[in-house]
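One is the number of the first residue; the rest follow in order along the sequence.
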Amino acid sequence: WHARATSRYVVANDWLRRQFEPQPFQVVLQTWHGSMLKRIGLDRPKVPAEKRRIIDVERAKWDLLLSQNFHSTEILRSAYAWEGPILEEGYPRNDPLTPGSTQAGDGAAIRAALGILPSQRAILYAPTWRENLTEMVTFLDLERLAAQLGPDHVILLRGHSRTVAFGASVTMAGVIDVTTYPEVTDLFLAADALITDYSSVMFDYSVTRRPMIFFVPDMDAYRDSLRGVYFDLSEVAPGPVLDDQDDVAEAVLALDQAGERYADLYDRWFQRFNHHDDGRSAERVTAQLLAYEKPGPTVR
């Protein structure tokens, strides 16, 4: 609390909420926590008046926004009625994911720390949360999937932070529960492939150019009544979009062919969402943050 009240710069990736009131000398950079497939803020359907008021109060605490790509820049302006500056520079947290960059992380060391054997293929399953559920979303039968894939595969289960308080650690053969592992970027480096649904992890993991599988058995309900989406995933996804577990297992076992099969879609996805993620985002964002001069109060 002392640090938040006295620091010259405050960087946050979620709402600061009413517990924080920025001081006149502070610069607040709101990085948000991912690019968007699912609708946010004022773009969500039927936003009540009280929610709009809360959004107005929160937005007033920000000085700068960070965007991963042009897609997100447009949404941030719409979803938060933001008219201030946006740094569209990619995500610094993704610098270690850029293959061949000087910031590239060491996936082998992370795999060893997690207990993944060198001979195993690690599949990260990271679904997002649902507004109509409190528990972790595990539409996949993980015990059956682990059996389908066999001992040369291991599933890394990453539950959403919003559901941690409502469940317990998952313990079963072939599965490592990494829900409370502190740094998700490490898990991206460790994983050979990703299974997700509507989570923004898809836009981060794609920096690695590794295979992705989208398991969305509730697509119609999520898109049409629960949350809403900004684009049709089935049309642009750089990997299979599936609603059946057996198809998921088949897709994992066919990952060696995924690169060639989805190469064109992956290229288009990367150009749309990851063209700023070049391993130097932190350098650019830090320079602009430190150079930013906060406008003084308006004189009437």
For Asp243 and Pro217, work out which heavy atoms get closest and say how close.
-> CB-CA, 3.8 Å

With sequence neighbours excluded, residues passing side-chain hydrogen bond (donor to acceptor under 3.5 Å, both in side chains) with Asn13 = none

For Ala193 and Leu255, work out which heavy atoms get closest and say how close.
-> CB-CD1, 3.6 Å

Shortest non-hydrogen separation from Leu66 to Leu87 and the atoms involved = CD1-O, 3.1 Å

Hey, is the main chain of Ala258 close enough, under 3.5 Å, to the side chain of Glu260 for a donor-acceptor pair?
-> no

Apply side-chain hydrogen bond (donor to acceptor under 3.5 Å, both in side chains) to the pair Asp186 and Tyr181, showing each step before the final yes or no.
-> CA-CA 9 Å; Asp186 286 357; Tyr181 186 89; 2.8 Å; yes

Distance-only, no hydrogens or angles: does the Asn274 side chain make a donor-acceptor pair with backbone N or O of Phe203 under 3.5 Å?
-> yes

Heavy-atom distance under 4.5 Å between the side chains of Ile75 and Ser72, does that happen here?
-> no

Note: Ser67 and Leu76 closest approach over all heavy atoms is CB-CD1, 4.2 Å

Between Lys38 and Asp43, does a salt bridge (Lys or Arg N to Asp or Glu O under 4.0 Å) hold up when you go through it step by step?
-> CA-CA 10 Å; Lys38 54 190 178 185; Asp43 290 344; over 6 Å; no

Without swapping roles, check the side chain of Arg158 against the backbone of Tyr125 for a donor-acceptor pair under 3.5 Å.
-> no

Which atoms form the tightest heavy-atom contact between Phe139 and Gln245, and what is the distance?
-> O-OE1, 4.4 Å

Close side-chain approach of Asn94 to Gln68, heavy-atom, < 4.5 Å | yes

Expected output: side-chain Gln26 to main-chain Arg4 donor-acceptor under 3.5 Å | yes

Are the ring centres of Trp269 and Tyr262 closer than 6.0 Å?
-> no

Verify the neighbour count for atom CZ of Arg144: are there more than 12 heavy atoms of other residues, nucleotides or ligands below 6.0 Å?
-> yes

Decide if atom CZ of Arg8 counts as having more than 12 heavy atoms of other residues, nucleotides or ligands within a radius under 6.0 Å.
-> yes

Are Ser101 and Gln103 close enough that a side-chain donor and a side-chain acceptor fall under 3.5 Å?
-> no

So, do Phe231 and Phe273 have ring centers that fall under 6.0 Å from each other?
-> yes

Remaining members of hydrophobic cluster (4.5 Å side-chain criterion), Phe70 | none

Hey, is CD on Gln19 packed in by over 12 heavy atoms from elsewhere, all under 6.0 Å?
-> yes

Between the side chain of Arg210 and the main-chain N/O of Phe188, is any donor-acceptor distance below 3.5 Å?
-> yes

Are Ile54 and Trp15 close enough that some pair of their side-chain heavy atoms sits under 4.5 Å apart?
-> yes

Any sub-3.5 Å donor-acceptor pair from Ser199's side-chain atoms to Pro127's backbone N or O?
-> no

Can any side-chain N or O of Gln30 pair as donor or acceptor with the backbone N or O of Leu64 at less than 3.5 Å?
-> no

Compare all side-chain heavy atoms of Val236 with those of Arg272 and state whether any distance is below 4.5 angstrom.
-> yes

Is there a donor-acceptor pair under 3.5 Å between the side chain of Lys61 and the backbone N or O of Phe20?
-> yes

Please check if the side chain of Tyr80 supplies one atom and the backbone of Ile40 the other of a donor-acceptor pair under 3.5 Å.
-> no

What heavy-atom pair brings Pro85 and Tyr292 nearest, and what distance separates the two atoms?
-> CG-CE1, 4.2 Å

Is it true that a side-chain atom of Ser281 and a backbone atom of Asp277 form a donor plus acceptor pair closer than 3.5 Å?
-> no

pair Asp256-Arg121: side-chain heavy atoms closer than 4.5 Å | yes

